[in-house]
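Sequence positions, counted from 1, serve as the residue numbers for this chain. Note that ligands are numbered from 1 as they come in the structure, with each ligand's atoms numbered from 1 the same way.
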Amino acid sequence: MMIRARDVVMRLASGGRPLTVLDGVTLEVAAGEVCAITGPSGSGKSTLLGLIAGLDRPTAGSIEVAGVEITGLGEDALARFRRDTLGFVFQSYHLIPTLTAAENVAVPLELAGAPHALARARDLLATVGLADRAHHYPVQLSGGEQQRVAIARAVALRPPLLLADEPTGNLDSATGAQIIALLLALHREHGATLLLVTHDEALAGTAGRVVRLRDGRVLNGAHA
Ligand SMILES: Nc1ncnc2c1ncn2[C@@H]1O[C@H](COP(=O)(O)OP(=O)(O)OP(=O)(O)O)[C@@H](O)[C@H]1O
Ligand SMILES: [Mg+2]
């Protein structure tokens, strides 16, 4: 099992009041699966993805990713876990504005001490159809191009797990279809497990399983 989340509770203070964002979420995702999470705005999808990525800690519950219980890890171990295990594609791309496309993709490679990071970054950009955009800065790229750079960066270290939060959310349907094809190709070629948050029916339809969240609870599809 790639992901085993059990009875995950997330409570946050919202304007001074406690708010239960996740209310006992249990979710399993098998290695090699393509799984989509859908649900209304505010149902807790991004929060859940962030917890699985170790970007935040749950109030209660356990989260095992690739056999590691991550809820008890310290900051250094969490950083290593993120580097070694997962790629994260954010809805709003999160590219570094002062770096070119190639330099953005090279960041995780350099952090991991990989040789020839910039050359490999250019190869990765070519695989997402951006060979001729390597020297462009994020502001010089369209939304779909920035999203492809973000995907190239997320898969640079060939993570066994790719998490994507609304990867087609800001894109028109044709560009969205390109991104979907790209994510699925990466899944096929590297056998990576994909966990995607999406409102996009076309994207959800390509997943092997759709998990529905509402009010911080899983309505159906919790088990692999
Ligand atoms: N840092 C925070 N502090 C307080 N409340 C938060 C915080 N982050 C999220 N929330 C609240 O938690 C709930 C779930 O948020 P989350 O972003 O996980 O929803 P979502 O399902 O991803 O929604 P969307 O589809 O709009 O992206 C929302 O009601 C949100 O306002
Ligand atoms: Mg969200």
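Residues Lys45 and Asp165 are not in side-chain contact: their nearest non-hydrogen atoms beyond the backbone lie 4.5 Å or more apart. At a threshold of 4.5 Å between non-hydrogen side-chain atoms, the residues Val89 and Leu162 count as touching.
In this structure, the protein non-hydrogen atom closest to atom 30 (C) of ligand 1 is Leu19 CD2, 4.8 Å. In terms of protein heavy-atom proximity, atom 16 (P) of ligand 1 is nearest to Thr47 OG1, 3.6 Å. With respect to atom 23 (O) of ligand 1, the closest heavy atom belonging to the protein is Gly42 N, 2.8 Å. What sits closest to atom 4 (C) of ligand 1 on the protein, heavy atoms only, is Ala13 O, 3.6 Å. At the shortest separation from atom 3 (N) of ligand 1 among protein heavy atoms lies Leu12 CD1, 3.8 Å. Looking from atom 25 (O) of ligand 1 to the surrounding protein, the closest heavy atom is Lys45 NZ, 2.7 Å. Regarding atom 12 (O) of ligand 1, its nearest protein heavy-atom neighbour is Val21 CG2, 3.2 Å. Of the protein's heavy atoms, Ser41 OG, 2.5 Å lies nearest to atom 26 (O) of ligand 1.
Annotation: Arg82, atom CZ; neighbour count of heavy atoms from other residues, nucleotides and ligands within 6.0 Å is above 12. Heavy atoms of other residues, nucleotides or ligands lying less than 6.0 angstrom from CZ of Arg11 number 12 at most. For Asp76, the CG atom counts as loosely surrounded, since its 6.0 Å shell holds 12 or fewer non-hydrogen atoms of other residues, nucleotides or ligands.
An N or O contact shorter than 3.5 Å is missing between Gln91 and ligand 1 by distance.
Residue side and main chain included, Gln91 places no N/O/S atom under 2.8 Å of the Mg ion (ligand 2).
The closest side-chain donor-acceptor pair between Thr26 and Arg6, if any, does not fall under 3.5 angstrom. Side-chain contact check for Thr20 and Asp23: no donor-acceptor pair (N or O, by modelled atom type) lies under 3.5 Å.
Of all atoms in ligand 1, numbered sequentially from 1 with element shown, those under 4.0 Å from a heavy atom of Ser43 are 19 (O), 21 (O). Using a 4.0 Å cut-off to heavy atoms of Pro40, the atoms of ligand 1 that qualify are 21 (O).
Evaluated by nearest non-hydrogen atom to atom 17 (O) of ligand 1, the leading choice among Gly50, Pro18, Ser46 is Ser46.
Heavy-atom separations between Gly39 and ligand 1 are all 4.0 Å or longer. In this structure, His199 counts as a contact residue of ligand 1, since one of its heavy atoms falls inside 4.0 Å of the ligand.
Annotation for Ala106 and Ala117: closest pair CB-O, 4.0 Å, computed over non-hydrogen atoms. Of all non-hydrogen atoms in Pro160 and Thr85, the two that sit nearest each other are CD-O, 3.2 Å.
Salt bridge annotation for Glu69-Arg57: absent, with no cationic side-chain nitrogen under 4.0 angstrom from a carboxylate oxygen.
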